[in-house]
Amino acid sequence: MRLNEKKFYDLASQRGIEAASITINKAHSLSCGVFHGEVNNVTISDDFSVIAKGVYKEKFGTVRVEAIDKDTPEFLVNSIIETASVIEKEEKATIFKGSEKYHKKNLYKPEVLSTDLSDKVKILLEIEAKLKAYDPRISEVASVEYQETDTQSSLSNSYGLKLSQKSALYGFVAEIVATQGDENKTGFKVFFSDDINAFDIDKFVEDVAKDGLSKLGSTQCKSKKYPVVLNAKSASSLLSALLSNIDAEQVQKHSSKFEGKLHQQVASKKITLIENPLEPNLNFRYYDDEGVATRKKTIINKGVLETYIYTLETAAKDGVEPTGNGYGSGHASASLVNAKIKAGKRSEEQLFEKIKLGVYITDLEGLHAGLNSQSGNFSLQSQGFMIRDGKIAEPLSLITVAGNLFDLFMDVKEVSNTYAANSHSNTKSPALLIKKLSITGK
């Protein structure tokens, strides 16, 4: 059954709702996995939601439902009035009328989901078999899974705005255990794409296996400060924490280290961060969840902070235009889409060449507990490799890397020319060469 949106908007107007909007989200997901040659799980789910928002007596009311019938329009109107009536915030609520221009693109590729489940299972079994045969030190293939999602969303409002978007993606995830004597290490790999021809099974198997095998024979380095290369995955994790400080809401609450830092140096001159939601990839968005058109913009230019990111509410407080970064089904929060540090000119290997004795960090653990994004202080259990005379040497484990997030990004000496492959993250960084970080080992 389809929601009668006209009835909703007519009722809303009759009941004194000044402006209203409706967001409809649909998602079909499938996941399956194999273990020891047999299918051990298949999950199929269909999610549906309607989020209605409205301005009633200058207050914001909202409601979410996961099923609809003929009485839904009236229920939505009544709920908006009820929730708006208990709001005590002084700020005047608004529904965004619409941007002058939207850069819509049709990137929907339903063919990536077209193969039968039996064919997907065959690929999973092949991955498992190839991982087992790759090296005798692979003692267990802990999991091999397939995932796919088909999503559709639409947004309309009482001003006549109508927007919609579709996306389809698929992915594989695998984990192995590599064993040497009493030592056990895990290898892990995630692949996601919207291109049916992008998956290379042999490359995927090799990446999973090498991730685990390369860690065998690990040791601890001597505790001291070292020049450090953060791989793209680790650098991206730290970048996400840093960028929480560009949220205008945090600035307005005086809980951002970047308060008062617009047009000032907040990072190394090697750091230029560009957000481009219009880049044609898995994360493409041409409008945010508030209906504001997205656009390409420079957030940090050669270390200088150029802008905060705004929702409708935070933009109104600062008297500026919204930046198209409002996301969330209820109260919108500012988020980045397709934001990445501009790549440099040198490969990771060329970054290593600049170090006589240092550490290459490949994994950071405990980011939620071990990193304070407001103070910037972090202490994180890590894995990686020694760098000796410009080359990767013995693997390291049970080491801790500690420092301050803001100091770290000020101390970036070089940026590599590649990002983590097949990353589904909305914030990306190439590998970073850091002047020095404290490493605790033995």
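The residues of the chain are indexed from 1 along the displayed sequence.
- In the model, Thr400 has no side-chain atom that pairs as donor or acceptor with a side-chain atom of Ser379 under 3.5 Å.
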Give every donor-acceptor pair under 3.5 Å between a side-chain atom in residues 71-78 and any protein atom, sequence neighbours left out.
{"from": "Thr72", "atom 1": "OG1", "to": "Asp69", "atom 2": "N", "distance (Å)": "2.7"}
{"from": "Thr72", "atom 1": "OG1", "to": "Asp69", "atom 2": "O", "distance (Å)": "3.1"}
{"from": "Thr72", "atom 1": "OG1", "to": "Asp69", "atom 2": "OD1", "distance (Å)": "3.3"}
{"from": "Asn78", "atom 1": "OD1", "to": "Arg15", "atom 2": "NH1", "distance (Å)": "2.6"}
{"from": "Asn78", "atom 1": "OD1", "to": "Arg15", "atom 2": "NH2", "distance (Å)": "3.4"}
{"from": "Asn78", "atom 1": "ND2", "to": "Glu74", "atom 2": "O", "distance (Å)": "3.3"}

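- Within the 6.0 Å centre-distance limit, the rings of Phe199 and Phe172 are counted as a close aromatic pair.
- Residues Tyr360 and Glu348 bring a donor and an acceptor atom of their side chains to less than 3.5 Å of each other.
- Neither side chain, Asp247 nor Tyr310, offers a donor N or O lying under 3.5 Å from an acceptor on the other.
- No side-chain N or O of Ser237 forms a donor-acceptor pair with one of Ser234 less than 3.5 Å apart.
- Side-chain atoms of Asp195 and Ser193 include no donor-acceptor pair closer than 3.5 Å.
- A donor and an acceptor atom, one from each side chain of Ser382 and Glu365, are nowhere located under 3.5 Å apart.
- Using a 3.5 Å distance cut-off with no hydrogens or angles, the side chains of Thr186 and Lys215 do not pair a donor with an acceptor.
- When only modelled atom types and interatomic distance are considered, Ser236 and Ser425 share no side-chain donor-acceptor pair under 3.5 Å.
- For Lys105, the NZ atom sits in a packed shell: over 12 heavy atoms of surrounding residues, nucleotides or ligands are nearer than 6.0 Å.
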For this session: Could you please spell out the steps behind the side-chain contact (heavy atoms from CB on, under 4.5 Å) verdict for Lys296 and Leu278?
Result: CA-CA 7 Å; Lys296 182 179 179 180; Leu278 301 172; 5.6 Å; no

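- In summary, the side chains of Asn338 and Asn281 do present a donor paired with an acceptor at a separation below 3.5 Å, with no hydrogens or angles considered.
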Exercise. Does the pair Asp10 and Lys6 meet the rule for a salt bridge (Lys or Arg N to Asp or Glu O under 4.0 Å), with working shown?
Worked result: CA-CA 6 Å; Asp10 288 344; Lys6 183 179 184 304; 2.9 Å; yes

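- With hydrogens and angles left out, the side-chain atoms of Glu249 and Thr314 include no donor and acceptor closer than 3.5 Å.
- The heavy-atom pair separating Cys32 from Val42 by the smallest distance is CB-CG2, 4.0 Å.
- Under the 3.5 Å distance criterion, with hydrogens and angles disregarded, a donor-acceptor pair is assigned to the side chains of Asn377 and Asn404.
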Problem set entry | Val266/Phe409 under side-chain contact (heavy atoms from CB on, under 4.5 Å): CA gap, chis, key distance, verdict | CA-CA 8 Å; Val266 297; Phe409 279 93; over 6 Å; no

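- Between the side chains of Glu275 and Asn325, at least one donor N or O sits under 3.5 Å from an acceptor N or O.
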